[in-house]
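Presented below is the structure to which this report refers.
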Amino acid sequence: MKKRLFIYTTAVVFIGLISFFALSVYITSTNNINAAKDTVVEVTQICAALYNEEIDIEEFVHIGSDTRITVIDADGTVLADSGVSRFGMATIDSHLERPEIKAALNGAPESFMRRSDTLGLDFIYYALKVDSGDSYVFVRAAIPVASINTYFLRSLPLLMFVLVIVAVLCFVIIRRITDYTLAPFGEIERKLRSLSQGNYIAAPIKSRYEEINRIVQEIEDIALELGNEKRRREDFFTYASHELKTPLTAIKGFNELIELSNTNSVVKDEKTRKFASAISRETERMTVLVDEMLKLSEIENTEKTTAISNSVPVPLTALIYDIRDTMTTIIGEKSISFLVVGNGVVTADPRHVYDVVKNLVENAVRYTGEDGEVTVTITQTDDSTKLSVADNGIGIPKTDQLHVFERFYRVEKSRTRNSIGGGTGLGLAIVKHLCVLNDWRVSMVSEPGVGTEVTIEF
Ligand code: ATP
Ligand code: MG
């Protein structure tokens, strides 16, 4: 923006200056030519008045000092010409065709500006017809004038000099003006960034520009509105969790009672047992869903600073074996070979590392068929720690890979539901949110039928 402002302003100043120069050169040159025309008319009139037959015309043509005087016969022959000696011109050809002579002959004398090829100079000519005995002659005067080009060339060094001075002044002044004008924008940028990071502190900046003050006020209003919205949201989740969890606990309890009484009763009702176990499965699913939603909302409301203050060194290998132990049943059922390669330590909130790795391992095990392989690889270097979870399971189609980190997104709802546990589609959203919160990088490589590898760079 600064650069553009500078270029535009300088261009405008330069164009203005050059136009001004061109115009002044044109006006000066026109004024000079008009003055020269007046002079040449006056000189011709004086000379014509002085002319008579007895005069020595060789002497006569020299009375004009700086002006070239020519006496031309009625037939166009040059009788005498001060230009021959003064300007070194040959004047042997007939002059009857010269426009100023024609004009004088027609009784309407007029001045003409012409270029002398001999001298390469512009002359203004004026002629009068003067009676001489029984015939007449033409008395003509001519003054050399500088052409517009000459004026331009003469003023060029001055123009250059002024342009250089103007360029330097433009540079200094525009720099100051732009710095001064754009300063509030830097402040606005900082405000917007802090707003997007969720740590906005209202601190109105007052600029001398009304437009900027209005923008700042808008930001303050939006920040306030967002702040209110965030309270409202936290309240909603707190209420919703209570409202959902209380009946769930009750349903679970009553269901357990039904199952228990059914087991103990003499007549074992097979149907009731089936329904009770279905209720129990669905309530379990709903409990997981509520817990995941609450976790997601909790992460969203966690400040970066809180995550940092809870950081401790987390040994990754031990953490992975802990996670594996929670899934021994399913790993055993599917005869999945579970491998851990390398080891490393990451400094972070241990619950965050646990949740990220747990979700990835859970997916790898869940979306891999019988006798599959799940490999967790840890790579630790001096400046980074990487953890990747790879499986040789069903894989994810390219188009879905862009969406699997969105909330509730499942590649194939029926497919996932039929898989063990039945996913809710929140696992990878939690992973993504935790990565954003902790500045970790997450990447995914997957191919349907081949497998999936998700890598976290801590
Ligand atoms: P949740 O993790 O909340 O219990 P979920 O596993 O369905 O449910 P995500 O972990 O967010 O949800 O994953 C989203 C979808 O991405 C899954 O439903 C599944 O279709 C696909 N997916 C994730 N990981 C893998 C993987 N390793 N192999 C194949 N598909 C996967
Ligand atoms: Mg999952």
Side-chain angles (χ1 to χ4, degrees), residues 20-159:
F20 175 73
F21 258 88
L23 196 70
S24 42
V25 165
Y26 175 77
I27 291 171
T28 315
S29 139
T30 315
N31 282 346
N32 281 357
I33 287 168
N34 286 340
K37 277 183 179 172
D38 291 346
T39 309
V40 89
V41 171
E42 272 171 29
V43 170
T44 319
Q45 282 168 347
I46 293 168
C47 290
L50 291 174
Y51 184 84
N52 60 66
E53 302 131 68
E54 278 97 50
I55 215 157
D56 177 350
I57 58 167
E58 277 306 330
E59 266 183 35
F60 173 76
V61 291
H62 286 99
I63 59 171
S65 63
D66 286 341
T67 316
R68 176 186 171 193
I69 308 288
T70 318
V71 178
I72 299 149
D73 205 356
D75 63 2
T77 317
V78 174
L79 298 174
D81 187 351
S82 66
V84 178
S85 50
R86 195 172 296 139
F87 301 104
M89 293 167 130
T91 50
I92 37 170
D93 57 325
S94 169
H95 273 47
L96 280 187
E97 285 308 307
R98 302 287 200 271
E100 68 278 7
I101 302 296
K102 272 187 177 172
L105 189 63
N106 293 336
E110 205 186 321
S111 55
F112 288 92
M113 194 166 96
R114 279 190 281 117
R115 171 148 280 250
S116 159
D117 295 331
T118 332
L119 282 181
L121 276 175
D122 287 325
F123 276 87
I124 291 176
Y125 296 91
Y126 186 76
L128 285 171
K129 195 174 137 193
V130 181
D131 288 333
S132 164
D134 47 4
S135 183
Y136 58 86
V137 293
F138 297 99
V139 173
R140 186 185 73 173
I143 297 180
V145 283
S147 65
I148 285 193
N149 287 347
T150 320
Y151 279 101
F152 263 119
L153 288 176
R154 265 192 222 152
S155 45
L156 207 60
L158 181 66
L159 175 68

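This chain uses plain numbering: 1 for the first residue, then up along the sequence.
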Between [X] and [Y], what is the shortest heavy-atom contact and its length?
{"X": "A141", "Y": "V43", "value": "CB-CG1, 4.1 Å"}
{"X": "P144", "Y": "F123", "value": "N-CD2, 3.6 Å"}
{"X": "F60", "Y": "C47", "value": "CZ-O, 3.2 Å"}

Expected output: side-chain N106 to main-chain A108 donor-acceptor under 3.5 Å:
no

Between [atom1] on residue [X] and [atom2] on residue [Y], distance to nearest 0.5 Å:
{"X": "I72", "Y": "D81", "atom1": "CD1", "atom2": "CG", "result": "7.5 Å"}
{"X": "D73", "Y": "S94", "atom1": "CG", "atom2": "OG", "result": "10.0 Å"}
{"X": "R140", "Y": "H95", "atom1": "CZ", "atom2": "NE2", "result": "4.5 Å"}
{"X": "I55", "Y": "I63", "atom1": "CD1", "atom2": "CD1", "result": "6.5 Å"}
{"X": "S82", "Y": "E58", "atom1": "OG", "atom2": "CD", "result": "9.5 Å"}
{"X": "E100", "Y": "T70", "atom1": "CD", "atom2": "OG1", "result": "8.5 Å"}

On the ring face of Y125, is R114 found with NZ or CZ under 6.0 Å from the centre and within 45° of the axis?
yes

Would you please classify the geometry between the F138 ring and the Y136 ring as parallel, tilted or perpendicular, with 30° and 60° separating the classes?
perpendicular

With a 4.5 Å cut-off on side-chain heavy atoms, are V61 and V71 touching?
yes

I124 pairs by side-chain contact (heavy atoms from CB on, under 4.5 Å) with which of N34, I33, V41?
I33

With P109, which of L128, T44, I101 fulfils side-chain contact (heavy atoms from CB on, under 4.5 Å)?
L128

Verdict with reasoning, Y126 to I143, per side chain to side chain contact (heavy atoms under 4.5 Å, CB included):
CA-CA 9 Å; Y126 186 76; I143 297 180; over 6 Å; no

